[in-house]
Structures are given as structure tokens and as C-alpha cells.
Amino acid sequence: MDILSPLKIAVLVNTPLDNKEFWLDVRESWRESLKQASPTAEVDFYDPVHKRNFPDASQYNLVVLSGGKANASCNEPWVLGVLEYVRETVRDHPKTKILGICWGHQALNRALGAKVQLVTTGPIAAVEDVRLTEAGKNFFEFVAEAGFYTAPEFHAWEVANPAPGFIHLAENNECFMNEANTVLTFQAHPEVSHALAKKMLLEEDKDYNRNSSQQQIEEALAKLDRPTHGRKLLERAMSWARG
């Protein structure tokens with residue numbers, strides 16, 4: 001594929017359709033955020049959960065594994081199907097890059113040899129400051145001086161240890177790149193808007209607020225209004241995908 005032609009991107013929406021509104025929210029958040037980060041990109045969506053359809057990786061510059069409401073450490077058939085697709089793509093299509101977000105971050109690591117575990121402190125729903133390593137400062141030059149990026153996080157599971165050959169771009173297993181420069185993963189959600197973040201906290205994941213008072217929920221909502229680096233992170237990922 002010509003480096004000057006529009007990016008061709010395949011997005012795997014990795015969440016069950018038992019809540020169709022949330023599935024549509026995930027798809028729309030990717031549609032809008034990719035339009036902002038790479039206006040000329042051609043984006044296709046795939047459903048690996050119910051339809052079990054996967055893109056032909058050779059036809060895309062970038063395959064995105066979205067977040068979703070599932071346990072990346074489980075052995076449900078569709079999850080195992082995604083893991084196998086990741087392994088085949090990394091092995092057979094080295095020119096196609098893979099971006100993993102939240103669930104995708106966990107699944108990519110698991111597929112390539114890592115362990116996924118429950119977050120020891122309980123589910124996380126917040127806009128977080130993610131501290132960068134030296135390698136991360138070199139990669140994310142726009143926040144190198146600050147030493148961190150800011151992005152929403154919604155997850156009950158986390159990567160316990162990175163896959164072999166993965167480089168820490170951030171502390172606490174938050175962001176990785178593989179040595180071959182073909183895989184990039186974020187635990188955070190650079191694609192999630194403030195509005196969707198609030199909706200997720202209030203409506204979609206009761207695990208995030210079931211033990212909170214109304215005051216605590218209101219405080220959490222206010223924190224979700226913090227400015228983030230979401231668009232800049234995705235723009236950097238798009239630049240990387242072309243490289």
C-alpha cells in the first residue's frame with residue numbers, strides 16, 4: 001500500500017451485542033475519533049463476537065482492537081478467535097500494524113504471551129495521568145516535557161506482565177510497543193469523548209459506581225471533564241501506522 005494513499009483501517013468491535021446501544025456507542029466513538037485524527041482514512045468495522053468475521057490484514061495499514069465489556073483472560077470461543085487472529089496477523093502480515101485499546105491492550109498482550117488479571121485495587125473509572133518511560137517520552141514527543149499523558153480509563157482487568165519483547169512506553173503496564181514496531185497498545189481510551197465517558201460511568205458499568213454515594217458519583221463525573229490528550233494520542237498512532 002502506498003504510504004501517500006489514505007490509511008486503510010479495520011476496527012474490531014470487541015464487545016457483546018447484548019447491549020446494542022453500547023456496541024453502537026463504541027463503533028461511533030471510533031468513527032468520530034478516527035475522522036478527527038486521520039480525516040482521509042478509510043475505516044471498516046468488523047464484529048468478531050457474533051458474526052466472527054475478521055479483516056484480511058493484508059488489505060489494511062492498521063487493525064484496531066477496540067475496548068469492550070468482556071474478560072480478556074477468559075476462554076470464550078470468540079475471545080480465543082480474536083487471540084488467534086492476532087497471532088496470525090503478527091506472524092503472517094508484518095507490514096500491517098495493530099493497535100490495541102483497553103480490552104484490546106489486554107487481549108494483544110495475552111495473545112503474545114502475557115498474563116491478564118483483575119485490577120487489585122478494584123475497577124477503575126477516571127481520567128488518569130499516565131507516567132511515561134524514557135522510551136515513551138521519545139515516542140510521545142508532544143508530552144515529553146510533562147512526562148505523562150492524560151486519558152480516560154474504564155477497566156476491571158489489567159495486564160500483569162507484558163508479552164515477551166514488548167517495550168514499556170508508560171509505567172504500570174499502561175502502554176507498550178513491541179520490538180518489531182508493529183504493535184502498539186494502550187490501557188487508556190484515547191477515542192472516548194467526555195460525553196461517552198460520563199455515560200459509561202452512569203449507565204453502562206454499574207461495577208464502577210455501585211458502592212459510591214451520590215456525592216462521590218458527582219465528584220467522579222466532574223473529574224471526567226478534565227482535558228485529555230486523546231486526539232493527540234490517536235494522531236501519533238496514525239503517524240506510527242504509516243511509518
Side-chain angles (χ1 to χ4, degrees), residues 1-15 26-49 51-68 81-112 135-136 138-143 149 151 162-163 165-167 169-170 175-193 229-243:
M1 287 174 281
D2 189 339
I3 195 169
L4 296 178
S5 63
L7 275 175
K8 291 183 64 65
I9 303 172
V11 180
L12 276 63
V13 182
N14 298 297
T15 195
V26 172
R27 186 180 66 179
E28 189 60 23
S29 70
W30 276 106
R31 191 188 308 279
E32 288 301 315
S33 61
L34 289 174
K35 184 186 298 184
Q36 294 176 10
S38 184
T40 63
E42 299 174 5
V43 184
D44 298 320
F45 291 88
Y46 292 83
D47 174 11
V49 183
K51 295 182 179 180
R52 306 285 177 89
N53 62 340
F54 294 90
D56 176 353
S58 69
Q59 300 303 305
Y60 293 93
N61 304 98
L62 178 68
V63 173
V64 177
L65 271 63
S66 81
V82 173
L83 301 184
E84 183 57 28
Y85 175 77
V86 166
R87 287 188 283 265
E88 290 176 356
T89 300
V90 170
R91 182 188 66 230
D92 300 337
H93 303 285
K95 292 184 179 180
T96 300
K97 297 192 174 180
I98 312 178
L99 173 65
I101 302 297
C102 193
W103 187 92
H105 161 81
Q106 298 163 18
L108 268 163
N109 274 273
R110 181 189 174 194
L112 300 174
N138 290 333
F139 187 75
F140 301 110
E141 292 182 349
F142 63 94
V143 285
Y149 61 75
F166 273 35
I167 300 164
L169 298 186
C175 182
F176 299 113
M177 176 181 290
N178 68 343
E179 291 176 345
N181 193 37
T182 58
V183 173
L184 176 64
T185 74
F186 295 87
Q187 180 60 73
H189 281 280
E191 85 288 3
V192 166
S193 65
H229 293 107
R231 181 169 177 175
K232 287 284 190 180
L233 291 170
L234 282 180
E235 287 175 347
R236 180 65 184 94
M238 297 305 102
S239 173
W240 165 79
R242 283 192 176 279

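Heavy-atom basis, side chains included; hydrogens, waters and symmetry copies ignored.
- The CG atom of Asn109 sits 5.0 Å away from the OG1 atom of Thr185 when rounded to the nearest 0.5 Å.
- Side-chain contact between Ile98 and Val90: present, with at least one pair of heavy atoms (C-beta onward) separated by less than 4.5 Å.
- In this structure, Thr15 and Trp103 have side chains that are not in contact, with every pair of non-hydrogen atoms separated by 4.5 Å or more.
- One finds the NZ atom of Lys97 at 11.0 Å from the CE atom of Met238 (value rounded to the nearest 0.5 Å).
- Within the 3.5 Å criterion, the main-chain N or O of Ala57 finds no donor-acceptor partner in the side chain of Thr89.
- Nearest heavy atom pair, residue Leu233 against residue Pro190, reads CB-CB, 4.0 Å.
- In terms of heavy atoms, Ser58 sits closest to Asp56 at OG-OD1, 2.7 Å.
- Note that CZ of Arg87 is 8.0 Å distant from CZ of Arg110, once rounded to the nearest 0.5 Å.
- In this structure, the separation between CD1 on Ile9 and CZ on Phe45 is 9.0 Å, given to the nearest 0.5 Å.
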Donor-acceptor contacts, no H, no angles, side chain residues 34-44, under 3.5 Å, sequence neighbours left out:
from: Glu42; atom 1: OE1; to: Lys8; atom 2: NZ; distance (Å): 3.3
from: Asp44; atom 1: OD2; to: Tyr60; atom 2: OH; distance (Å): 2.6

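- Atom CG in Leu65 sits 11.5 Å away from atom SG in Cys102 (nearest 0.5 Å).
- Formation of a donor-acceptor pair under 3.5 Å by the Asn53 side chain with backbone atoms of Asp47 is found in this model.
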Begin from the C-alpha positions of Tyr85 and Tyr46 and carry the test side-chain contact (heavy atoms from CB on, under 4.5 Å) through to its verdict.
CA-CA 13 Å; Tyr85 175 77; Tyr46 292 83; over 6 Å; no
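- Residues Val183 and Asn178 share a closest heavy-atom pair of N-OD1, 2.9 Å.
- Using cut-offs of 30° and 60° for the angle between ring planes, the His105 and Phe176 rings count as parallel.
- At distances below 3.5 Å, not a single donor-acceptor pair connects side-chain atoms of Lys232 with backbone N or O atoms of Phe142.
- Within the 3.5 Å criterion, the main-chain N or O of Ala241 finds no donor-acceptor partner in the side chain of Asn61.
- Residues Asn181 and Met177 approach most closely at OD1-SD, 3.1 Å, considering heavy atoms.
- Side-chain atoms of Cys175 and Gln187, non-hydrogen and from C-beta on, never get closer than 4.5 Å to each other.
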Going through the checks in order, is the side-chain contact (heavy atoms from CB on, under 4.5 Å) test met by Ile101 and Ser66?
CA-CA 5 Å; Ile101 302 297; Ser66 81; 5.9 Å; no
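- Counting only distance, with no hydrogens or angles, the side chain of Arg236 and the backbone of Phe139 share a donor-acceptor pair below 3.5 Å.
- The minimum heavy-atom distance linking His189 with Gly67 is given by the pair CE1-CA, 4.3 Å.
- With rounding to the nearest 0.5 angstrom, the CZ atom of Arg91 is 5.5 Å from the CD atom of Glu88.
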Criterion side-chain contact (heavy atoms from CB on, under 4.5 Å) on Leu169 and Leu184, from CA distance to verdict
CA-CA 9 Å; Leu169 298 186; Leu184 176 64; 3.7 Å; yes
Show, in sequence, the C-alpha distance, side-chain angles and deciding distance for Leu12 and Val63, and conclude whether the side-chain contact (heavy atoms from CB on, under 4.5 Å) test is met.
CA-CA 8 Å; Leu12 276 63; Val63 173; 3.8 Å; yes
